Amino acid sequence: MSFPTPPLQPPPPQPTSPHPRNHPHKVSLNRPTHPRHATTHPPPSQNSSFLSLSSSRSDFSADFSGRRSTRFVSKMHFNRPRVSGTSRHSSFAEQALTEASKNGAVLDQVLLTFESKLLGSDDYTFLFRELGNKGEWLAAMRCFEFAVRRERRRNEQGKLASSMISILGRSGKVELAEKVFETAVNEGYGNTVYAYSALIGAYAKSGYCNEAIRVFETMKDSGLKPNLVTYNALIDACGKGGADFKRASEIFDEMLRNGVQPDRITFNSLLAVCSGAGLWETARGLFNEMVYRGIDQDIYTYNTFLDVACNGGQVDVAFDIMSEMHAKNILPNQVTYSTVIRGCAKAGRLDKALSLFNEMKCAGITLDRVSYNTLLAIYASLGKFDEALSVSREMESMGIKKDVVTYNALLDGFGKQGRYAKVKQLFAEMKAENLSPNLLTYSTLISVYLKGGLYQDAVEVYKEFKRQGLKADVVFYSKLIDALCKKGLVEYSSLLLNEMTKEGIQPNVVTYNSIINAFGESTSNDCGSDNVTQIVSIVPESKVVCTAEDNIIKIFEQLTAQKTANGKKTNGEKQDLLCILGVFHKMHELQIKPNVVTFSAILNACSRCSSFDEASLLLEELRLFDNQVYGVAHGLLMGQQEGVWTQALSLFNEVKQMDSSTASAFYNALTDMLWHFGQKQGAQLVVLEGKRREVWENTWSTSCLDLHLMSSGAACAMVHAWLLSIRSIVYGGHELPKILSILTGWGKHSKITGDGALKRAIEGLLTSIGAPFQIAKCNIGRFISTGAVVAAWLRESGTLEVLVLHNDRSHLGATRFGQISNLQPLPL
DNA sequence: CTAGGGTTAG
């Protein structure tokens, strides 16, 4: 057995209509936002009163449910004190708080002293809320219990319990909140809408959407009628817990059916659901719906709306929204700015991000902790360490101490540049400042060390991580798996995959995409059969009896011992491609929905494969999973004319909704694959479509062609198209600019970093077509020529012929042979 | 009951 045979029976999904909804031409390219664990969901509701929103250009296809990663929980701000309107407590309550806060104070005594003066539940609520806000849970709980015990009236006890639950919930103490709730119910004062709503809110804050819904059902079963606050809390839980929009809209529908009118907060929370799910179009629909219903927008609405726009890569729209805010006199605050700035940075518009910081300062908005960390992270990720460190100094001079986020950004930045000494120094400094490294700190460090081959350091950090009692999550493991894949150590990554599964942590689409990427890199990697078998045949139950010794430590120590484990050479590319099919099946089995990144990774693997048959076979097989997406890739590869292009355009529309780097990766991968297999005209069609949709910024002017963000295949196709357009300028009787240049950059964006593949490909292309360009003396990433020389060349008789591209293959079946012809063609 | 910041795939 040399490689795992992929299962032959077709998987359940029907190629004809993967969409339950009404989009016959809709392509099911799953967008890469917020990967989640797979869970199953009920079918879409038929009687959605949200029809106007969900059936207009909806982006439901993007949303294949499940829980999202822990990052959303860690993102939440606990301990944010509540801004209360009118205070109902007496001055005695404040005195009691002062007394209780004194050093050495015994709370029980303070409570007894003030018992006669405190005026019932409002005073006690004030007291334990303040204690809770200070993080003194035990004191808050004792105070609450004291208050409940001395209170006779049931409804007052109920008030106390609801307040306590919501205070605990806001601080992330969800278990304590549960306990208070249970006790309250058992003792007969917890069976109120308020207590239930508070508990739902507590679950919401911690991202436990399913639990919130479960409690909601229990509440209805016990005969209580949910009110506006209940529904709002529940929708909030959907947003925080990563539920899909469908789920939230079902709650919304139910709310309407029960005659509860949604308010501003309802809509703000619905918008937040869109933000998590990456549903820009839906968010726009909601925003319009608010206007239609006469519900005023506030700063929350706008900030959330901006967040959705930025997450969807719609930075220009974000600017429009900001001007709308000004017009409506809803003034942007720190949240507004840090949201949009981050959006700019994500979209690669750094100049704009930095100018927004200036704008912010000019507007008199002082940078806060988040703003500073955003700025610092931008610099750190660019490797601009002087600037990053200067931001951290400015931050401290403003009285904001560096926190874990600051350090994590610095560690990541320095680590990515291989500045290990600096990494170690920062890590020590962080601990010296009494900041506890968190899960992210550890995964960053371990990944940095693995990538650098510093396995011993990786082990040390991992051991420390274990000593801290932190629990690894899917992101933690995925990061390490990716690091190992990047080192070409697929077999070690598969051990980690096994290990995480045994620990009960399900891999997600990101985990698998890392692995698929590693398969593509076949020449430098060991993609031997054994590890692949492991990857596709993970069994949930533990095979190894796990002793006190941690398996990950064993794996890392093995690495340390072997040092360079890039051993045996693979049996060839054919095997790699079929391995991908196996991985794909495995993903399907685990209900992990592949997305556009999976698609790009697979196409990249095809581009590295010399066999057309293998590539087309793989794509054809994958049509069984997703005929629309892989049908386009396969159809273009086969040179099919009719039908495919229409479908391709609809695929491109889908991609256009995604952020620029996702979109360009997609176009790069698809064009590369087509170019690689001689479908050059097809490649050019795709690349021009990408250009038309501005996937690569500023690619094209008469005097300069900037290819630095493109893959080799895309760039080659683009060069042809550009030269042809220049040719028509010449033949139109116009002058060319004095200097023409073609930028390839330094290979920074190449799939294999720093190898200059793009530059070499363009150099080869220019030579082969006889284009008179030379490498510029002052810039090795630029080819130049003069307008006159190029014009003369373009006028030569043979030039047009070399510039016009053709497909090696056209029409279905023309070049089909071998096993492929034995396969049934699938309906398109 | 509502808003922004560090992490994984390309």
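Every chain is numbered from 1 and lettered A, B, ... according to where its sequence line falls, protein lines coming before strand lines. As the structure is a prediction and not an experimental result, all values here were calculated from the model.
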base_contact_polar (B/dG10 base, A/Thr662 side chain, donor-acceptor, <3.5 Å): yes
Interatomic distance, A/Ile165 CD1 vs B/dC1 P [rounded to whole Å]: 11 Å
Under-4.0 Å side-chain N/O to phosphate OP1/OP2 contact, A/Arg369 with B/dG4: no
Any donor-acceptor N/O pair under 3.5 Å between B/dT8 base and A/Ser478 side chain: yes
Polar side-chain atom of A/Asp672 near backbone of A/Gly713 as donor-acceptor pair, under 3.5 Å: yes
Nearest-nucleotide pick for A/Asn595, side chain only, options being B/dC1, B/dG4, B/dA9: B/dA9
Side-chain donor/acceptor of A/Asp298 to base of B/dA3, under 3.5 Å: no
A/Arg342 side-chain proximity, nearest of B/dT8, B/dC1, B/dG6: B/dG6
Sugar-phosphate, base or nothing in reach of A/Thr444, heavy atoms under 4.0 Å: nothing
Rounded distance (Å) that lies between atom P of B/dG10 and atom CD1 of A/Ile516: 11 Å
Glycosidic class, syn or anti, of B/dG6 using a 90° window around 0: syn
Base B/dG10 to side chain A/Asn668, donor-acceptor N/O within 3.5 Å cut-off: no
Nearest-Å distance for atom pair CD1/C1', residues A/Ile602 and B/dG10: 12 Å
Sugar-phosphate only, base, or nothing, as touched by A/Asn438 at under 4.0 Å among non-hydrogen atoms: base
Residue pair A/Arg264, A/Glu289: steps toward the salt bridge (Lys or Arg N to Asp or Glu O under 4.0 Å) verdict: CA-CA 11 Å; A/Arg264 192 181 66 244; A/Glu289 179 87 7; over 6 Å; no
Distance-only side-chain donor-acceptor flag, A/Asn517 / A/Ser514, under 3.5 Å: no
Length of the CG-P vector between A/Leu426 and B/dG6, whole Å: 19 Å
Touch class at under 4.0 angstrom, heavy-atom based, for A/Asp412 against every strand present: nothing
Closest to side chain of A/Val229, choosing from B/dT2, B/dC1, B/dG6: B/dC1
A/Gln334 side chain, from C-beta outward: closest of B/dA9, B/dG4, B/dT2: B/dG4
Sugar-phosphate, base or nothing in reach of A/Thr304, heavy atoms under 4.0 Å: sugar-phosphate
Residue A/Lys205, side-chain heavy atoms: nucleotide from B/dA9, B/dT8, B/dT2 that is nearest: B/dT2
Distance-only donor-acceptor test (3.5 Å): side chain A/Ser338, base B/dG4: yes
Aromatic ring pairing A/Phe414/A/Phe385, orientation class (parallel under 30°, perpendicular over 60°, tilted between): parallel
Touch class at under 4.0 angstrom, heavy-atom based, for A/Asn227 against every strand present: nothing
Side-chain N,O (A/Lys486) to OP1/OP2 (B/dG10) below 4.0 Å: yes
Interatomic distance, A/Tyr442 OH vs B/dT8 C1' [rounded to whole Å]: 19 Å
Side-chain N or O of A/Asn517 closer than 4.0 Å to phosphate OP1/OP2 of B/dG10: yes
Whole-Å gap separating P (B/dA3) and CG (A/Asn268): 9 Å
Phosphate OP1/OP2 of B/dA3 contacted by A/Lys240 side-chain N/O (<4.0 Å): yes
From A/Phe252, A/Phe287, A/Phe305, residue fulfilling ring pair (Phe, Tyr, Trp, His ring centres under 6.0 Å) relative to A/Phe267: A/Phe252
Nearest-Å distance for atom pair OH/P, residues A/Tyr512 and B/dT8: 20 Å
Sugar-phosphate only, base, or nothing, as touched by A/Ser447 at under 4.0 Å among non-hydrogen atoms: nothing
A/Phe476 six-ring centre to A/Lys471 NZ/CZ under 6.0 Å and within 45° of normal: no
Which nucleotide in B/dG4, B/dT2, B/dT8 has an atom nearest any side-chain atom of A/Asp307: B/dG4
Among B/dG4, B/dG10, B/dA3, the one nearest A/Val597 by side-chain distance: B/dG10
Interatomic distance, A/Leu331 CG vs B/dG4 C1' [rounded to whole Å]: 17 Å
Per A/Thr339 side chain, nearest of listed nucleotides B/dC1, B/dG4, B/dA3: B/dG4
Under 3.5 Å donor-acceptor pair, A/Asn333 side-chain atoms to B/dG4 base atoms: no
Nucleotide nearest A/Lys479 (side chain, heavy atoms from C-beta), chosen from B/dA9, B/dT8, B/dA3: B/dT8
Derivation of the side-chain hydrogen bond (donor to acceptor under 3.5 Å, both in side chains) call for A/Asn668 and A/Asn604: CA-CA 9 Å; A/Asn668 283 339; A/Asn604 284 331; over 6 Å; no
Closest to side chain of A/Val510, choosing from B/dT8, B/dC1, B/dA3: B/dT8
Contact summary for A/Ala243 and A/Cys209, nearest pair of heavy atoms: CB-SG, 3.7 Å
